[in-house]
Each structure stands twice: as structure tokens, then as C-alpha cells.
Amino acid sequence: MSIYDLNAYEVLQTEDLSDLKSKGTLLKHKKSGARVLLMENDDENKVFTIGFRTPPSDSTGVPHIMEHSVLCGSNEFPVKDPFVELVKGSLNTFLNAMTYPDKTVYPVASCNDKDFQNLMHVYMDAVFYPNIYQNDKTFRQEGWSYKLDNPDGELTISGVVYNEMKGAFSSPEGVLDRVVLNSLFPDNAYSVESGGDPEVIPELTYEQFLDFHRKYYHPSNSYIYLYGDMNMEEKLRWLDEKYLSDFENEPVDSEIHLQKPFTEMKEVVQEYSIASEESEEDNTYLSYNKVIGTTLDEKLYLAFEILDYALLSAPGAPLKKALLDAGVGKDISGSYDNGVYQPIFSVISKNANVEQKEEFVRVIEDTLKDIVKNGINKKALRAGINYHEFRFREADFGNYPRGLMYGLQLFDSWLYDETKPFIHMQAIPTFEFLKEQVETGYFEELIQKYLLDNTHGSIVIIKPERGRTARMDKELADKLQAYKDSLSKEEIDALVKATKELEEYQEEESAPEDLAKIPVLGREDISREIAPIYNKELETSGVKLVHHEVETNGIGYTALLFDLSGIPGISSAGKRGERIGGRIVGTDGNDISGGGRYRESGFRCRREKLCGSPADSGRRHPQINNSFDDRPCFCGKKPDTSRNIVPPRQQIDGNFLIQTIRGGKSVVHQNLCGAKGKAPAAGLIGNFK
């Protein structure tokens, strides 16, 4: 039986995603209306995601609080922290949840079949049957509540999300990111803070919180994604019989509406806090922002990625150079956020001053006019296209499953047009189109249309204010004291009682019978087989080599490693060493390079996190639930993996190694002759495609 034989689903589209070595299928669950997308391939790192379109109507942070709360116990798994218990017996490769400006997603991944099924089960139960309806304690714990330890004590506000967002609002980059988004879309969901504004979060009531779940956490408003090597028919049948068939199709009004274009650019000024001893001089952020079409235009979606590189990131990038030469700020960066319905192109100057605003705008627009008139650097355009095509083909996301990242990118179109989920998964033809446009004036026309003539934009100024945090904390304390003074003795006693009950709830252990319901893996569920490594010995020009094939989607790599034991200062301790991914590693496995990192030409060292600071990730940043995942989280919608471009590496004791990848296959060549410090007789082998 195949997925086409399942009566519960209607197959809407099928796509050959050859660029990703996958087959794509779009389905709809007939009874509930749930949207389902499959990406079938031979990747054992399977991914499941269920997401919901969750546009906020205010800044109470209800989407973010809900994301936390549904993960605090459900009908079948009633423990208070099911995911803390789940990870104890799981081999997951990803387990988390994220709140975005217009959606909330719950992704999991695992290479183990039973573990993957367990994770799916817990997540599906969490989103559709959470324990939030039993009492308000989860809402008060994860969202907000008054805290009063005794009648004479100080009244404060506590809550996981409330405290998290107080931290987020103290970061100048976070303030800039939020104000840019809000400034450009005053009439739709992007005008408010989905993560929650600490000043507004306490306005959210328990009943409003429940109404949000009732409305948006329904299969009719869901997006279900399955990726990898699995029995898709079996998974679809389980989803239908276990959960989806329990619901009727109830269309949900969650559409993300387009913002009407501005007739003139807007200017917004917002303060951020600095310490009383910090200087306000050279501490302002200036941002020039334009709205660029929609994410449903696949050519525009990538073209401005290229322009971002050519104008602001490439060596000698003209916008960056012009602003630095003019002395407008000390750190110039750009971002192109195509993770929201209407993408945003920004030019950002850090360590600037408020009075430099006019010069900031003038330099940007004069430079762009000159580029349109005289042409953009064609080498920079080609380099940008090659760079982004390489990243697409390589799909190196560090420790994060590639299926996870594909799933997140699918939402860039699927969320806004159900008929176009795959357009950004088929990028190679678009890259070919962009290559053909380099000499045609296409990119200059984009600059004229979307950056110079486009009035849908904003100038955002984030300026420092000494002691702002202390002032706001005092204002809040005074407000809470005034509120407490207005309460009767009975109301104060009720607050003390509620505080104590919440603390007792938090300290209470889950019942043993409830803990036993959390699925865990047994030894019998874990394969004892080791993944085979296929090596083939060859000989080239008298040098014995080892050949190893790996699918690389048409990318050619070469890595040269040499035995350095004969070099003074490295082998003086009797150790033979070789350069391994930027370090000199001795034959005992220790780093003998003095701890220094080495950047190889054309490559950057692998980073611990998928993306950098909010300033350089260039994406709207989701609120991420870290409470049950101790791995580094990413702060961007599609994390910046530009620094993950490193060649595969191997450590060969006392020998040099050559690695070549050609025609989509990896060819690893190991010198077996044992000659120290001697260049290999055969380096690059074969023709690259």
C-alpha cells in the first residue's frame, strides 16, 4: 500500500526535488483539514514538525506563553516536565520549539525509528491535548503571575516568559530588530511582539490564553512535515487514527495580511538602556530599511540575498565602504530577512550618533544612485551567487539536521500560499537565472525599484539612555505598590495563598505512575551495527591512496594535510603532528598548536552555534524554548551557516592526507608510504563538475 491508497488523505501535489535528492508530496487530511508535507529520501536523520499559524493581535506574548505551556504535560503524558524526562531515554538529534512573529513550530528529529515515533507521539499529544485546561498554574508559571510571599512583603511579577522577555528587551540589537519589524507593518500581525512585551504581558488573562489555544491549535490550522527515510504510509495512518480523525474541519482565520505600502518613509526613535557610567556618544544604532516584495517571488527571494552580499558583505562592498569612509558609525552591516511574508532589506550602522542620521541616509542613497548609473561590481555579484549556491548545495548546518532546516524554509512560502510549498526547495534554476542576469542590468533595476524608488521603508534610530532599566524598574515597583495599596486584606491574603500554592505545585514531584508513561528506549531498540565505511585502495604515481565515496550534490572539495613532525618546535616533544581543521594535532590526539585557531584560505572554522549575534544573522529571531534542550540554540529563523563551510577532515597517524570530492562524490586519498613532510605525488585527481 502507498500513500495514494490512504482514504483519509487527498494528495494535492507531487514534486521531484532532485536538488535535494528528495521526493516531495503535499497532502490534506480530509476530515480535519490538516496540511501535510512529505520529503522522502534516504536520510536516516528523520524530522517531524507540527506548526501553527499564530498571528498575535497584541504584545501580551500569548503565542510564546502557549509554546512553553503545552510542553508542560498532556493527556497521555501528564507529568509536569515531560521533555525533561523524555530526553533521559531518547537519542534525539533535535528537540525544541520556537515562536516566530507569525507562527509557532514544534520540531523533533532522531535517527532511531522507535525514538522518532515516541517523539512524534509526545509532541502531537502536547499540542492537541495539553493540561492547560485543568488549572491556571501552568499559565502562571510559564506566563506571568503576581508574587507576594507575605502580607507585608513586596509585590512583584514572575513568570518564565515574562523574565525571558525582560532580558530580550534589554539588548540593543533585540530592540532594533523588533522596532524595525513593527515600524514597517503597523497594520498587521508584525506590528506587535509575538514573544511578549514585559509591560504588556501582565494584561493577558487566563481565559484569553485558553481562547488562543482553542482557536489556533486545531488541525485545520496546522502544518505537518515529515522528512527522511521512513515508512510514510505508516506515519500518515498513525497520525490519522491517533489524532487527526478526532477533529472536524473548522477553518481558522489566521491569514497574514499584506501591509499597504507607505506613501513616504517613516522615522522611529527608540531608547535602549546603558549603565550610568557608559557614554552615550558613539552608542547609537541607525538602520535604513525597505520592504522587498513578498517571499512568494522565488527570484526576488534569492536576488536580494545576492545584493546583500555584493553591497555590504563582499570585500570592498560599496555601501559599507562609503559609510565607513564618511565616518557614519564604526561597524556597518546589512541584513535581508526573507523569513516574514514581506522581506526586509536593512543597512545598519552601529556606534554612530543621532545627529548623523541625515548623513547616513544621504551616503546610502548617493552610493546606490552611483551604482545604478555606473553598474554594480560584476565579480561581487558572481561571487555572491556562487557563495549562496554552494551553501544550498552543501546544506551543511553543523550539528542540526538538514531536514529541520529544510522544514523551516518551507514555511517561507507554505505559510502564505498553500499551493507553493516547494518553490524555495528548487533553487538551482533560480541561481542559473540570476547568473544570466549579471550583465543585463537586472540587479541595478532591482536597486532602483526596491531601494531608491520604494517609499515603503523606515529609518530607525536606537539611541542610548543612561539608567533606563533602573528607571523602568522603579516605575514598575511604584505601580505594583500602588496596586497593592488598593487591595483589601482579603485580596492580599489571596495573593499570598496563590503564591504559596504555585510554589508547592512547582516543587511537587510527578507521580511514579505518570512518569512511567513517558516512552523510553530499551537496549533492544538500539542497533548494535556500526555504520560501514567503504574504502578502496588505489595507487597514483607510485603513491598508495584510499578512495572513499560520499554524495556531495555536485561540489568539489580538496583538503591537504601533511605530517609536520619534522618541523622544529612541533616535534621537539617527540610528537608528530598535522594540521586538522585549523589545529595542529599530535599523534596522541592533543592540540599542540598553542590553542590558536587557524583560518584556512577559503574556509572558516566551524562554529558552536548555527548563527551569530542578532546583528549578523539577518533574520527575524524566534523565541526558543531551551528548557529541555541543552544544546546551543539558534537565534535566527534560518540560521546563518556561512561559517560552516569546512572540508571534511580525517586524522591519519603520521601521514598526510589528500581529500578530493568530484562530480558529487568524495574521493579521500591517504598517503600510505609514511614519508614525513613529503608532498604527495598525486594531489588533485579527476575532473570536477
Side-chain angles (χ1 to χ4, degrees), residues 8 29 31-34 36 48-52 54 62-90 92 95-97 99 104-108 110 114-143 160 206-224 235-250 252 502 505-506 508-521 625 627-628:
H29 187 255
K31 188 171 187 288
S32 70
V36 183
F48 164 79
T49 299
I50 181 164
F52 302 91
T54 52
V62 60
H64 189 189
I65 297 170
M66 186 63 66
E67 174 238 301
H68 278 246
S69 299
V70 300
L71 303 177
C72 291
S74 64
N75 184 40
E76 289 197 41
F77 309 104
V79 299
K80 291 186 297 180
D81 294 303
F83 298 92
V84 172
E85 301 301 325
L86 184 64
V87 296
K88 295 177 182 178
S90 169
N92 74 84
L95 177 70
N96 217 319
T99 299
T104 310
V105 297
Y106 299 83
V108 297
S110 181
K114 185 172 182 181
D115 188 38
F116 182 72
Q117 181 61 41
N118 290 343
L119 297 172
M120 282 182 59
H121 190 180
V122 174
Y123 261 55
M124 287 292 288
D125 209 65
V127 297
F128 290 128
Y129 298 109
N131 284 344
I132 59 175
Y133 293 93
Q134 295 180 4
N135 56 63
D136 68 353
K137 290 184 175 63
T138 297
F139 166 71
R140 292 171 58 215
Q141 171 183 280
E142 301 298 323
V160 174
Y206 177 53
E207 192 56 39
Q208 290 171 333
F209 167 75
L210 296 181
D211 285 343
F212 188 87
H213 185 271
R214 294 186 186 106
K215 178 176 181 178
Y216 293 114
Y217 278 63
H218 190 282
S220 301
N221 190 46
S222 69
Y223 297 77
I224 297 172
K235 300 304 180 190
L236 290 173
R237 185 184 298 277
W238 179 85
L239 287 168
D240 166 53
E241 295 175 354
K242 186 69 178 178
Y243 289 101
L244 300 181
S245 61
D246 294 343
F247 298 86
E248 297 293 336
N249 191 345
E250 298 178 6
V252 178
L502 180 58
Y505 168 78
Q506 292 170 332
E508 182 184 2
E509 297 283 345
S510 295
E513 58 270 24
D514 290 338
L515 290 171
K517 296 176 182 178
I518 299 295
V520 297
L521 294 177
N625 190 340
S627 58
F628 48 87

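Just so it is clear, the values below take in all heavy atoms, side chains as well, and ignore hydrogens, waters and symmetry mates.
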Novice: Evaluate the side-chain proximity of W238 to M120: yes if any heavy-atom separation is below 4.5 Å, no if none is.
Specialist: yes
Novice: Looking at every heavy atom in both V127 and Y217, which two are closest together, and how far apart are they?
Specialist: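 In this case the closest contact between V127 and Y217 is O-CD2, 3.6 Å.
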Novice: Using the salt bridge (Lys or Arg N to Asp or Glu O under 4.0 Å) rule, collect all pairs that involve residues 115-124, keeping only residues at least two apart or in two chains.
Specialist: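 Non-adjacent pairs meeting salt bridge (Lys or Arg N to Asp or Glu O under 4.0 Å): zero.
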Novice: Please answer whether the main-chain N or O of D240 pairs with a side-chain N or O of K31 as donor and acceptor at a distance below 3.5 Å.
Specialist: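 Side chain of K31 to backbone of D240, a donor-acceptor pair under 3.5 Å: no, none is there.
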Novice: For the pair Q141 and Y505, evaluate side chain to side chain contact (heavy atoms under 4.5 Å, CB included) and give the outcome as yes or no after the intermediate values.
Specialist: CA-CA 10 Å; Q141 171 183 280; Y505 168 78; 4.1 Å; yes
Novice: Please work out whether the ring planes of H121 and F77 are parallel, tilted or perpendicular, with thresholds of 30° and 60°.
Specialist: perpendicular
Novice: Parallel, tilted or perpendicular for Y106 and Y123, by the 30°/60° rule?
Specialist: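 Y106 and Y123: perpendicular rings.
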Novice: Taking the side chain as every heavy atom from C-beta outward, state whether T49 and Y223 have any pair of such atoms under 4.5 Å apart.
Specialist: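 They are not in contact (no side-chain heavy atoms under 4.5 Å apart), so the answer is no.
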Novice: V108 and F116: which non-hydrogen atoms are nearest, and at how many Å?
Specialist: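 What the structure gives for the nearest pair is O-CE1, 4.5 Å.
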Novice: Could you state the interatomic distance from CZ (F52) to OG1 (T99), rounded to the nearest 0.5 Å?
Specialist: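 Here the interatomic distance stands at 12.0 Å.
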Novice: Just by distance, do the side chain of Y216 and the backbone of V252 share a donor-acceptor pair under 3.5 Å?
Specialist: no
Novice: Measuring from atom CG of N131 to atom NZ of K137, what distance do you get when rounded to the nearest 0.5 angstrom?
Specialist: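 Reported value, rounded in 0.5 Å steps: 12.5 Å.
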Novice: CZ/F83 to SG/C72 distance, rounded to the nearest 0.5 angstrom?
Specialist: 9.0 Å
Novice: For the residue pair N249 and G33, what are the closest heavy atoms and their distance?
Specialist: ND2-CA, 3.7 Å
Novice: Is there a donor-acceptor contact under 3.5 Å from the side chain of D125 to the main chain of E76?
Specialist: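 It does hold such a pair.
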Novice: In this structure, is the centre-to-centre distance between the rings of Y133 and H213 below 6.0 Å?
Specialist: yes
Novice: Distance-only, no hydrogens or angles: does the S222 side chain make a donor-acceptor pair with backbone N or O of P219 under 3.5 Å?
Specialist: yes
Novice: Ignoring hydrogens and angles, state whether a donor on the side chain of T104 or E67 is under 3.5 Å from an acceptor on the partner side chain.
Specialist: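 Checked: T104/E67 side chains show no N/O donor-acceptor pair below 3.5 Å.
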Novice: List the steps, then state whether side chain to side chain contact (heavy atoms under 4.5 Å, CB included) holds for D136 with F209.
Specialist: CA-CA 10 Å; D136 68 353; F209 167 75; over 6 Å; no
Novice: S69 and E142: which non-hydrogen atoms are nearest, and at how many Å?
Specialist: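 That would be OG-CB, 3.6 Å.
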Novice: Do NZ/NE/NH1/NH2 and the carboxylate oxygens of R214 and D211 come within less than 4.0 Å?
Specialist: yes
Novice: Compare all side-chain heavy atoms of Y129 with those of D246 and state whether any distance is below 4.5 angstrom.
Specialist: yes
Novice: So, do K235 and Q117 sit near enough that their side-chain heavy atoms are less than 4.5 Å apart?
Specialist: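 Sidechains of Q117 and K235: in contact.
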Novice: Just verifying a value: how many Å separate R237 CZ and S245 OG, rounded to the nearest 0.5 Å?
Specialist: 12.0 Å
Novice: Just how far is it from atom CG of L95 to atom OG of S90, taken to the nearest 0.5 Å?
Specialist: 6.5 Å
Novice: Should M124 and K242 be marked as a side chain to side chain contact (heavy atoms under 4.5 Å, CB included) after you check the CA-CA gap, both sets of side-chain angles, and the distance that decides it?
Specialist: CA-CA 9 Å; M124 287 292 288; K242 186 69 178 178; over 6 Å; no
Novice: Within the structure provided, determine whether H68 and V160 are in side-chain contact (heavy-atom separation under 4.5 Å).
Specialist: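 In short, these two side chains touch, coming nearer than 4.5 Å.
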Novice: Could you tell me which non-hydrogen atom of V84 sits nearest to which non-hydrogen atom of V87, and how far apart they are?
Specialist: O-CG2, 3.2 Å
Novice: For a quick test of your reading: what N or O donor-acceptor pairs under 3.5 Å do the side chains of residues 511-521 make, sequence neighbours left out?
Specialist:
none

Novice: Nearest heavy-atom pair of F128 and H218: which atoms, and what distance?
Specialist: CE2-C, 3.9 Å
Novice: How long is the gap from CG on N92 to CG on N118, to the nearest 0.5 Å?
Specialist: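 CG of N118 is found 11.0 Å from CG of N92.
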